[in-house]
2 protein chains.
Amino acid sequence: MKLEEAQDKFIQGWGQLGASWGINRTMAQIQAVLLVSPEALCTDDIMERLQISRGNANMNIRELIAWGVVYKSFKPGDRKEYYYAEKDMWDLAKKVARERKKRELEPLNRILGELKTVEGNSNEVKEFKKVVKSADSMAKRADSMLELVGKLDENIFFKWMTKGK
Amino acid sequence: MKLEEAQDKFIQGWGQLGASWGINRTMAQIQAVLLVSPEALCTDDIMERLQISRGNANMNIRELIAWGVVYKSFKPGDRKEYYYAEKDMWDLAKKVARERKKRELEPLNRILGELKTVEGNSNEVKEFKKVVKSADSMAKRADSMLELVGKLDENIFFKWMTKGK
DNA sequence: TCAAACTTTCAGAAATAATTGAAAATTAAA
DNA sequence: TTTAATTTTCAATTATTTCTGAAAGTTTGA
């Protein structure tokens, strides 16, 4: 397979993965373009490679930077901003996990907290409280799991557990 | 807070969470309705509670069953199908993780496998191979992590690590 | 200060996804 | 069988998300 073709497949595949994770497809594709590029690229490079508009490119690049998976750089004697991707994929996964946790688990926790004040003693109320408590403990567990991933990342025992064919 | 109100908040919040996970909002809401209901419900109950059409209800119930998080049941002397939700939330999370793994990680792995056949020796090709390899190992790592979650679930050491305030 | 180079914004257009509702298919009791 | 109850399908509609492109905003160097 030729390089260009392989890169395109990677870009498409990565975009697809992003889409199914609820991340805008173009955003994932821009990240993929930066991942496969040895040097930092400017907005025009990205617009050209993906055939997208300036506005679209700009918005999604901002978003990637906000997620902490793409960085800016500057070239001396050039006014343009250049962008490059975090290439440590595990670090990437951790950052995405952290960002999602912030955006999704926290709002859920807030709601679940409020719901504990439900009044009454009927069967339905008891059932409901059980569900809320269960959701709450799941959220906490998911939360500490994500923490764990970050912390245990370098731990030799963890590496041993997760290594394998 | 009154029960009905609390249930509605839970249903909305759960739908929201589902949406940000790339799961159809209605699908998540149906699951929430079943979660807070002490008895199994039929299609009409769900249509009424969420004010949605029969087609919509049917499609999303099917999908929930396919994910393995909702089950059918039958009442004697009644032809209707009744549905109830898996209420063990941790089990739920595991099932969702497994399903997503199947739907998303596997396609990525297939593509990454193909991409190893890229030809050439240039700097760009080397860079590209590095990215592919890195993505591949991240995918494998995520994969074994999900495996681990399932296996360690009952493990006391793991519980100790993840327990917290 | 001005003007060129570049970035950001955002209203409207286009693309995508979800939903409806009624018809078709299926099921099971009589 | 037949028929009534129920589930499934799907073309058309509606809602949501994403994208465009041009105008407005910002920055930098002369």
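Side chains are part of it too, since the values below use all heavy atoms of this structure and drop only hydrogens, waters and symmetry mates. Here is how names work: the chains are called A, B, and so on, in the same order as the sequence lines, proteins then strands, and each is numbered from 1.
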Atom-pair distance ([atom1] on [X]; [atom2] on [N]), nearest Å:
{"X": "A:Gln51", "N": "D:dG21", "atom1": "CD", "atom2": "C1'", "value": "15 Å"}
{"X": "B:Glu63", "N": "D:dT9", "atom1": "CD", "atom2": "C1'", "value": "15 Å"}
{"X": "A:Lys72", "N": "D:dT27", "atom1": "NZ", "atom2": "C1'", "value": "12 Å"}
{"X": "A:Phe74", "N": "C:dA5", "atom1": "CZ", "atom2": "P", "value": "18 Å"}
{"X": "A:Asp44", "N": "C:dT7", "atom1": "CG", "atom2": "C1'", "value": "11 Å"}
{"X": "B:Asn60", "N": "C:dT20", "atom1": "CG", "atom2": "C1'", "value": "13 Å"}
{"X": "A:Ile61", "N": "C:dC6", "atom1": "CD1", "atom2": "P", "value": "14 Å"}
{"X": "B:Arg54", "N": "D:dC10", "atom1": "CZ", "atom2": "C1'", "value": "16 Å"}

Is the shortest side-chain N/O distance from [X] to OP1 or OP2 of [N] below 4.0 Å?
{"X": "B:Asn56", "N": "C:dT20", "value": "yes"}
{"X": "A:Thr26", "N": "D:dT18", "value": "no"}
{"X": "B:Asn58", "N": "D:dT7", "value": "no"}
{"X": "B:Arg25", "N": "C:dA18", "value": "no"}

>> Does A:Arg79 contact D:dT27 through a side-chain donor or acceptor facing the base, at a distance under 3.5 Å?
In response: yes
>> Using modelled atom types and a 3.5 Å cut-off, is there a donor and acceptor pairing between side-chain atoms of A:Glu106 and backbone atoms of A:Arg103?
In response: no
> Counting only N and O atoms by type, is there a donor-acceptor contact under 3.5 Å from the side chain of A:Lys95 to the main-chain atoms of A:Gly68?
Replying inline: yes
Quick check for you: among [options], whose closest atom lies nearest to any side-chain atom of [X]?
{"X": "B:Met59", "options": "D:dG21, C:dA28, D:dT9", "result": "D:dT9"}
{"X": "B:Asn24", "options": "D:dA4, C:dA4, C:dA18", "result": "C:dA18"}
{"X": "B:Ser53", "options": "C:dT7, C:dT20, D:dC19", "result": "C:dT20"}
{"X": "A:Lys80", "options": "D:dT7, C:dT8, C:dC6", "result": "C:dC6"}

>> Closer than 4.0 angstrom, basic N to acidic O: yes or no for A:Lys87 and B:Glu127?
In response: yes
> Would you call A:Asp136-A:Lys116 a salt bridge at under 4.0 Å N-O?
Replying inline: yes
> What are the two closest non-hydrogen atoms of B:Met47 and B:Ser53, and how far apart are they?
Replying inline: CG-O, 4.0 Å
